[in-house]
Amino acid sequence: MPGPGSLYKGLSFWWILQSVSSTLPWAKKTGLLTIRPHAVVHSIIYDEQKGKAHRVRIIDAITNQSTEYFAKVIFFERPPV
């Protein structure tokens with residue numbers, strides 16, 4: 001099982017972070033947090049020049065509508081298996 005580091009091209013992760021108790025409260029305080037509970041990630045768009053992911057395309061599981069989000073930091077959360 002991989003530790004902290006590069007998961008795959010343009011994405012990083014840290015096992016230590018618990019989004020509900022650490023990441024989400026801080027993101028909420030910025031006023032810039034967007035939570036999409038019925039979103040299914042369609043694709044992650046990688047910027048070759050910047051060397052990182054900078055956009056995510058989602059599909060709303062209820063409406064089937066596609067939306068793209070741009071950000072300096074993108075967090076993906078999934079339920080435990």
> Can you tell me how far apart CD (Gln65) and CD1 (Ile58) are? Round to the nearest 0.5 Å.
8.0 Å

> Using residues 31-42 as the side-chain source, report each donor-acceptor pair under 3.5 Å to any protein atom, sequence neighbours left out, with the distance given to one decimal.
unit_1	atom_1	unit_2	atom_2	d
Arg36	NH1	Tyr69	OH	2.7
Arg36	NH2	Asp60	OD2	2.9

> Suppose the criterion is salt bridge (charged side-chain N to carboxylate O under 4.0 Å, His left out): which pairs have a residue in residues 62-75, not counting sequence neighbours?
Arg55-Glu68, Arg57-Glu68

> Sequence neighbours excluded, which residues qualify as side chain to side chain contact (heavy atoms under 4.5 Å, CB included) partners of Gln49?
Asp47

